[in-house]
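What follows is a single structure, written as structure tokens, with notes after it.
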Protein chains: 2
Amino acid sequence: MPTYKYPRPALTVDCVIFGFDRQSTLKVMLIQRKLTPFQGSWALPGGFVRIDESIEAAALRELQEETGLEKLFLEQLYTFGAVDRDPRERIVTVAYYALINLEEYVVKAASDASDAAWFAIDALPPLAFDHDQILLIALNRLKNKVQYEPIGFELLPRKFTLFQLQKLYETILGHELDKRNFRKKILKMGLLRELNEVQQDVPHRAAKLYEFDEVAYEQLREKGFNFEI
Amino acid sequence: MPTYKYPRPALTVDCVIFGFDRQSTLKVMLIQRKLTPFQGSWALPGGFVRIDESIEAAALRELQEETGLEKLFLEQLYTFGAVDRDPRERIVTVAYYALINLEEYVVKAASDASDAAWFAIDALPPLAFDHDQILLIALNRLKNKVQYEPIGFELLPRKFTLFQLQKLYETILGHELDKRNFRKKILKMGLLRELNEVQQDVPHRAAKLYEFDEVAYEQLREKGFNFEI
DNA sequence: TCAAAAGTGTTCCTGGTACACCCATGC
DNA sequence: GCATGGGTGTACCAGGAACACTTTTGA
């Protein structure tokens, strides 16, 4: 017994998938459209929300179809509902953004050929629909959130160096950071577990590797600790 | 030519409308439901998104129907899409939150009788659907946002005293603030215009009135200023 | 004269910021 | 030996936090 008999907008999800590569560039995954409208253009991966799945489940499903990754950071971004955002008909889309570790992704991606590709954030092609707007908002969210929640680690391999972490912040925030101050601050928080390992195969002195300590973070957070870069 | 022939969720908007009264309590407007399900329960005001209006327009329309106010602060909160959040059928709702100045509202509200009522947020009735969850998230958003954007003023009359402003922050943040430090900080920002007026009809020494200076805020913001309490 | 809020400065301490050099490694 | 990052400590300064008393007004 449908309670509302008027025409309904269609409902989709779109995902802004961020990755951070070895060259310290922030990238986004895009899909080349095979159909009209915007045939041949690049667009955010996405699709319709099925009647029997939650919107978050729909986003996860899309994400898995595209990346093959099971566990990843996923957060709802914003819902876009301008009347004419899709030229075909009324479509409302709930945008999500995801953070993935490119090193793990690359392995899986090699297996199945796909129409997906990674683009550096500062060298994007024109995007279909209002996807440039969505991407901009996602980027802003990332910039803000990375400063007060420890989500940056989601973009790095499990074991990383302090230099990699610093470059990550510099890239996302768009400005340089002082090495000594950065290390002092991040180590003082007590969220990093220093490993008895160093980098391998680097053309310079090998750096110590660290892991993000989620348990320690949870414990500190319960005591009122706030992450802040 | 609909591009997607499968069943679609219905799409609604729900609004969390906050007000701040003369007794320094934070309140929310709720509507008593006339129909099943949850007949007689209190719920957030909301309604279906029409096929030819944007979601924000739908939220504004609902808001105006309920409050009669034209200009108010309105921001998208989050989209709720659990499969069973409505017992009748699949309904996805885009939640917004609004901040209104209760003094202005009360005048209008007196004119048309309504099933709406204001509840202090620490004395809420049980709510229909997942509206308690929505309200909780709205409250968190308000708590956070009020600290780094000057939106608190939306809840006050145009002319207010520093004491009122301080009480507003104390109420929303849930802890007391030091009077001298608060005044020092807020005045130093240069966002308040001191008026040549004082309170009227108060049973104690009358305080100076201030106005929020939006122009000054915009100018400062362009120079990189960040509001912060 | 009492109650309620208005109004006002100083001290201390923490935490941010600026800053430069030697070390280890691979090529 | 050169390039690349690894790794480390100090001094200064600004801004947050703690804190108490006198004044004004109306009831």
Side-chain angles (χ1 to χ4, degrees), chain A residues 20-25 147-148 156-157 159-171 173-211 220 223-229, chain B residues 20-25 146-148 156-157 159-171 173-211 220 224-229:
Chain A
F20 186 72
D21 76 6
R22 225 178 262 272
Q23 284 72 48
S24 292
T25 52
Q147 295 182 68
Y148 62 89
L156 291 178
K159 301 174 182 181
F160 53 85
T161 69
L162 294 180
F163 192 66
Q164 284 178 294
L165 187 62
Q166 184 180 340
K167 287 296 165 202
L168 173 80
Y169 277 101
E170 289 181 343
T171 305
L173 298 179
H175 61 257
E176 302 205 333
L177 299 170
D178 180 88
K179 181 161 68 164
R180 279 176 290 191
N181 293 338
F182 179 80
R183 288 172 181 236
K184 217 183 310 171
K185 191 163 183 179
I186 199 93
L187 288 177
K188 194 171 172 199
M189 289 188 211
L191 299 177
L192 299 189
R193 198 180 10 252
E194 183 179 333
L195 303 173
N196 287 323
E197 282 182 73
V198 294
Q199 285 181 302
Q200 301 296 325
D201 304 318
V202 285
H204 52 73
R205 176 172 169 186
K208 278 185 216 152
L209 291 172
Y210 292 83
E211 263 181 14
L220 285 169
K223 291 179 196 149
F225 167 82
N226 279 315
F227 180 87
E228 196 185 331
I229 282 293
Chain B
F20 185 72
D21 76 7
R22 226 178 260 272
Q23 283 71 48
S24 292
T25 52
V146 92
Q147 294 182 67
Y148 62 88
L156 292 177
K159 301 175 181 182
F160 53 86
T161 69
L162 294 182
F163 192 65
Q164 284 178 294
L165 187 61
Q166 184 180 340
K167 287 297 166 201
L168 173 80
Y169 277 101
E170 289 181 343
T171 304
L173 299 179
H175 61 257
E176 302 204 332
L177 298 169
D178 180 88
K179 181 162 69 165
R180 278 176 290 191
N181 292 339
F182 180 79
R183 287 172 179 235
K184 219 182 306 169
K185 192 165 182 178
I186 200 92
L187 287 177
K188 194 171 172 200
M189 289 188 211
L191 299 178
L192 299 189
R193 199 182 6 254
E194 184 179 333
L195 303 173
N196 288 323
E197 281 182 74
V198 293
Q199 285 180 302
Q200 300 297 323
D201 302 318
V202 284
H204 52 74
R205 175 171 170 185
K208 278 184 216 153
L209 291 171
Y210 292 82
E211 264 182 11
L220 286 169
F225 168 82
N226 280 315
F227 180 86
E228 197 186 330
I229 281 294

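Below, each value reflects all heavy atoms present in this structure, side chains not excepted, and no hydrogens, waters or symmetry copies. We name chains A, B, ... by the order of the sequence lines, and we start the count at 1 in each one.
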Mind listing the closest non-hydrogen atom pair of [X] and [Y] along with its distance?
X	Y	value
A/Phe182	A/Leu162	CE2-O, 3.8 Å
B/Lys159	B/Glu197	NZ-OE2, 2.7 Å
B/Leu156	B/Leu165	CD1-CD1, 3.6 Å

[X] [atom1] - [N] [atom2] separation (whole Å):
X	N	atom1	atom2	answer
A/Gln164	D/dG5	CD	C1'	12 Å
B/Glu228	D/dG16	CD	C1'	11 Å
B/Leu165	C/dA6	CG	P	12 Å
B/Phe160	C/dA5	CZ	P	18 Å
A/Gln166	D/dT8	CD	C1'	14 Å
A/Gln23	D/dG5	CD	P	12 Å
A/Phe182	D/dG5	CZ	P	16 Å
A/Lys167	D/dG5	NZ	P	8 Å

Within residues 185-201 of chain B: residues closer than 4.0 Å to DNA chain C (heavy atoms) = none

Any residue meeting side chain to side chain donor-acceptor pair (under 3.5 Å) with A/Gln164, in chain and number order, not counting sequence neighbours | none

Can you sort out the partners of B/Phe163 under side-chain contact (heavy atoms from CB on, under 4.5 Å), two or more places apart, ordered by chain and number?
-> B/Thr161, B/Lys167

Pairing residues for A/Asp178 by the side-chain contact (heavy atoms from CB on, under 4.5 Å) criterion, not counting sequence neighbours | A/Arg180, A/Asn181

Quick one: list whatever passes salt bridge (charged side-chain N to carboxylate O under 4.0 Å, His left out) with B/Lys208, sequence neighbours left out.
-> B/Glu194

Taking atom NZ of A/Lys179 and atom CD of A/Glu170, what is their separation to the nearest 0.5 Å?
-> 11.0 Å

Within a reach of under 6.0 Å around CD of A/Glu176, are more than 12 heavy atoms found that belong to other residues, nucleotides or ligands?
-> no

Sugar-phosphate or base contact per nucleotide [nucleotides 18-27 of chain D; S, B, -; heavy atom under 4.0 Å] | BBB--BBBS-

